[in-house]
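The structure appears right after this line, and notes come after that.
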Amino acid sequence: MDDLTLSERLRQRGVSRRGFMKFCAATASMMALPPILIPKVAAALEQARRPSVIWLSFQECTGCTESLTRSHAPSLEGLIFDHISLDYHHTLQAASGDAAEHAREEAMKKHWGEYLLVVDGSIPLGENGNFSAIAGISNLEMLKEVAEGAAAIVSVGTCAAYGGLPMANPNPTGAVSVEEIIKDKPIVNVPGCPPIPTVITGVLAHFLTFGKLPELDHLKRPKVFFGQNIHDRCYRRPFYERGQFAETFDDEGARKGWCLFKLGCKGPTTYNACATARWNQGTSWPVESGHGCIGCSEPGFWDAGGFYRALSLPFTDVGETILTAGAAGIAVGAAAAVLNKKTKSDAVNNRETITIKDLEKES
Amino acid sequence: MDANELLSWARGPGFDIALTIFVAGMLLRLLEILALGKKPDLSPPRGSGPKGGAATIMTRMLPRKQVFDKEPLRIINGYVLHIGFFIVLFLYGPHIVLFESFLGFGWPALPSGVIDAVGAITIVSLVAALVLRLNNKVLRFLSSRDDYVAWVVTLLPVLTGYLAYNHLVAPYTMMLALHLLSVELLLVVAPFTKLTHMFSFAMARWYQGYQAGRRGVES
Amino acid sequence: MSAPSVEKGIQAIKAQIDAPVASFFSACVHCGLCAEACLFYTETGDPKYTPINKVEPMRRIWEKEYTLFGKAKAAFGMSKAVDEETFAEWETLVYDGCSLCGRCSLVCPVGNDISGMIRKIREGFAAAGHAPEGLIGASTRAVEIGSPMGVKLPAVQAQIKHLRKNTGLDVPIDAKGAEYLVLLSSMEIMNFPEYLEAIARIMYQAGKTWTIASKAFEATNSGVQIGVSDIAKLLVSRVVDAADELGVKTVISPECGHAFTAIRWDGANLIGREYGFEVKHILEVLDEFVSQGLIKTEGKEDAKLTYHDPCQIARKGGVVKQPRNLLNKIATNFVEMEDGGVMNWCCSGGGGVSANERADELKLTAFNRKKSQLQALGVDTLVTACANCRLTLEEGLEENEMDLPVVGLTEMLAEYLVEEKPIEEAKEEA
Amino acid sequence: MSISNDIEFRDALNGLDLAQQREVGALFVESVLSLSSDPRVTQAVNAAKDGALEEEAMNLVRHSIKVAALHAHTRCGADGEWNDQAGYFVARAAEACVEPEGRSQGKGPAWKAAMSARMACTCLAAEGDEDSHDSESQTQYQILTSYLDA
């Protein structure tokens, strides 16, 4: 654990002052900060001590980790990682067994109250938490224990943020999100399945730069990345406006890059930065590759009526509902009809013939 | 109940229940009407009943000059709000996707920019309809709770749809959920208010037209 | 038979409600356009005369008795009752304030036949003892004496003798096998005897066999106006039986509005079977005779005149172009009233309103519509084809100091018939 | 010149000018005046006979006899009284006598008065059986003959 500042370390790696300033500009722009703040970002990053980060992985598929540490992303993500002290990460750390846990306790003790807790994966409550444990400690217990000394918690990935796929119906493990357990710590949800790498590092960079969490929306997601829905920034939007939809994944419309609304795209109801930041260093993103957005950064996206069911379609089969309802309507209607016929025929049959004698009231 | 859960409920059980009540309710009303039957007309006919019935369904789409001259604004506004409502409902891309899902066929959509404009006009027209209703002594006299309930449940879907499309007032997910819920409210309420006229208008015109056609009188 | 009561009234209305009525109430959107077409509203400005409001009691009964939703509302006490007070309050709307002119039915955007419903609801009001004095009297006389105005056969025979004296033409009574059975309305027999004379001369010139039935010379049907199908059936059966007995080919309905509706449209449905003969309005017959060249006219009336379409004949009877054909043959300066023809305004006295003394003042107010329609035209003569319209118009015009003679079309046509030789026969006979 | 049937009667009447027609008409009304008790009828009869009456006064009379005739008719649906109805026809006959020019519809005022007067008599026959109708037309023939001879 050396105490070199970020800028000193950069110089060790042979990155010039200018290179460093370019890096700060990129970070600022990515966080939609105005250019005049670049010197401020630069100043903050220069002083940034290597924050201690404890990464807890619970019921997760390592997708978030995979997304974050892809080797072929050497640029700014790699730099960031060289400059945070990742004190505990199952997949990445060399140590294992007691040594690993010891390292974690050591880090916690050393940076109590200052370290950043990053969580991916949901926490099972079923069997009082014993569906998933690390070194004999249930995720539930470990989360509580580590969270206590954390300065802030970042739930990376939809599982940690909102429960994720483990929580999908019938949710056998009783999986829940971090925020459902930890109520007394500032939490940032960085949903996505997985989130975009630059979104994760962006949040960390923001924490590094400003020492506090970014502005969050009503689902505790950084507005800078989750403030707009995909649909509004989608390059296929004009086709949506003209009602030009691809009918199948390889029909003429699909080849022409028409809107994937009819193929279940959840862009309109999904808030994320895929359409702008895109994936794999801006190479592409789901829609651009011809597949509709599945709304992975939204709570409950896994049980939202199917990824390939258009947003304007209800979950159930409308035709079937109409038929069953029709049958019910006819049944009830027939009963009412019989009733009406009887009421009417009674009225007609019991009606006394009216003669001129029956017109005058005995007043 | 966050927006996504609300939307899922609205797209799931909400829609199912509403559609069931709508279809069953309307069929119930239809059968309740038909059950009362109609005595055949034995008078010597001059023309054909069915032709008259079909003709009247068309002729009553246009007002008579004498009545139009009396209330041009109210009548024209009636057209605006009906045609506007139909354009938004039947010619907007995503709506067509819904119809296609159970009809098995779709039709070309209007650009959603046009739909957006028509939606705005329809909302203004609906509000105008209420103002006209409140400012006319006959309508004030005639109107009952049923009229105002029918007005509200008809306005809400268009309003929420407009707000959703333009991403106003609330995030799109929530507004879309509210839009679907307002449609479901309309479907649930329709069979028990004057909104039954969406079907019974044709029956009424047919019955009067049938008699007129058979009698060889204009209708 | 039991005394009239609210229960009998409701029972009668329940019996009248059928699928069309149910569809009408399910279609009405309270748009108020029927009021704009009703002269009782336009001239009084009182929204209670809005046509669809006049059948509100029937709507309540329909909703409560014939819809599950209505039954539920009633169970929770959320439905308005139909009681003695309702009948009393609505009586003046259903009778005094409605001439069954059918204009509202024609403009209703969803196609509701409102005047048809008012005819039906009157069944309930009559059964509940809420029919107007005048109509009860007229119906009683019609059933007991044979004519709402108490006209008996001797009166007709006297007129026939008078006619034979004047024109030498005979009016056959109960002539079996005649082609036409001519009906007369009491108004014509009493107030406009020229009609019978015109018929005689026309039939003679056309060379058609015709007759009057001693047991059924009366065309009017108070049962249709008061709204009691049982009485209407009794009255119309007399005509049908006479026509069958005499074996006529065609029954001619005279210059009377509701009589045409009674015999042409309601009759077969009242007696429950189809006729064995045709029914035509006198104008239809005249138009046929003229177009077949059976009767020829000479000379034309040059006074500026217009034609008032009686509602039951034009709008509800479909006899619209015939009077125009006839008038164009005998008048040089025939002009149409604005809204003339199918959309014509009512004279304000039809549907039993003129026989209902209580409605006189309302009737005169409603007449203003017809007054402005006529004032706009400035004609010298007003021609019509319904005796009741004629008198209602005469009274209205008189009340408004408008000096405008009102003439029956048949009578006028007879004036321009080419003279025939029977007068000579009369000479030898005298 | 003797008049024995309606053709001669009508031709003779058509030969008269308006003033004469009114005078003869008035005579016809007088012969059945007993059937009406309405003073306005006699007023109209006098006006018809007074050729020199100015237009303005004549209009007043016309209006009053028109109202008289209207009010005498039997209301639609009302219980008809043939005796009253006779009065209606007398009033109508009087009204014909003071009818303004050009109201022909093919019939002269005198002829209309004559016909209405005869109908007034027919009304009496409607109830009872005595038949004064035939005599009335003969009376009218004599009235016209004596008027023409004078």
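Just so you know, these numbers come straight off a predicted model, no measurement behind them. Chain letters run A, B, ... following the sequence lines, proteins first, then strands; residues in each count from 1.
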Inset, instruction - Please look at A:Q228 and chain B and tell me whether the side chain, the backbone, both or neither of the residue comes under 4.5 angstrom of a heavy atom of that chain. - result: neither
Inset, instruction - May I ask you to name which of A:H218, A:E241, A:R242 has the most heavy-atom pairs under 4.5 Å with chain B? - result: A:E241
Legend entry - Full working for side-chain contact (heavy atoms from CB on, under 4.5 Å) between B:Q208 and B:R60: CA-CA 11 Å; B:Q208 181 172 169; B:R60 294 305 171 91; 3.1 Å; yes
Inset, instruction - Would you kindly say whether A:N272 and A:T270 are connected by a side-chain donor-acceptor distance under 3.5 Å? - result: no
Legend entry - Residue A:F301 versus chain B: region with a heavy atom under 4.5 Å: neither
Legend entry - chain B interface, residue from A:G326, A:A336, A:P268 that has the most non-hydrogen pairs under 4.5 Å: A:P268
Inset, instruction - Let me know if B:F15 has heavy atoms under 4.5 Å from chain A in its side chain, its backbone, both or neither. - result: side chain
Legend entry - Aromatic ring pairing B:F86/B:F90, orientation class (parallel under 30°, perpendicular over 60°, tilted between): tilted
Inset, instruction - Over 60° means perpendicular and under 30° means parallel, so classify the ring planes of B:W107 and B:F99, tilted if in between. - result: parallel
Legend entry - Heavy-atom proximity to chain B below 4.5 Å, by part of A:D317: neither
Legend entry - NZ (B:K39) with more than 12 external heavy atoms under 6.0 Å: no
Legend entry - Close side-chain approach of A:E298 to B:N4, heavy-atom, < 4.5 Å: yes
Legend entry - Atom group of A:A331 that falls short of 4.5 Å from chain B, counting heavy atoms: neither
Legend entry - Which portion of B:P171 sits near chain A, non-hydrogen atoms under 4.5 angstrom: both
Legend entry - Minimum side-chain heavy-atom gap B:F105-B:E100 below 4.5 Å: no
Legend entry - Contacting region of A:L219 [heavy-atom separation from chain B under 4.5 Å]: side chain
Legend entry - chain A contact via B:L176 - side chain, backbone, both or neither, heavy atoms under 4.5 Å: side chain
Legend entry - Under 4.5 Å from a heavy atom of chain B, the part of A:K342 involved: neither
Legend entry - Region of B:E5 that comes under 4.5 Å of a non-hydrogen atom in chain A: neither
Inset, instruction - Answer with side chain, backbone, both or neither: which region of B:L7 has an atom nearer than 4.5 Å to a non-hydrogen atom of chain A? - result: side chain
Legend entry - Residues B:R133 and B:S143: side-chain donor-acceptor under 3.5 angstrom: yes
Inset, instruction - Could you check which of B:A177, B:G113, B:P111, B:P13 has the highest count of heavy-atom pairs closer than 4.5 Å to chain A? - result: B:P111
Inset, instruction - Could you check if a side-chain atom of A:S122 sits within less than 4.5 angstrom of a side-chain atom of A:Q59, using non-hydrogen atoms only? - result: yes
Inset, instruction - Can you label the angle between the A:F261 ring and the A:F245 ring as parallel, tilted or perpendicular, going by 30° and 60°? - result: tilted
Inset, instruction - On the 0 to 90° scale, with breaks at 30° and 60°, tag the B:H167-A:H231 ring pair as parallel, tilted or perpendicular. - result: tilted
Inset, instruction - Name the option with the most non-hydrogen atom pairs under 4.5 Å to chain B; the candidates are A:V332, A:N340, A:L313. - result: A:L313
Inset, instruction - Side chain from CB out, backbone as N, CA, C, O: work out which of these in B:Y92 comes under 4.5 Å of a heavy atom of chain A, or both, or neither. - result: side chain
Legend entry - Per-residue contact mode, B:D116 against chain A (heavy atom under 4.5 angstrom): neither
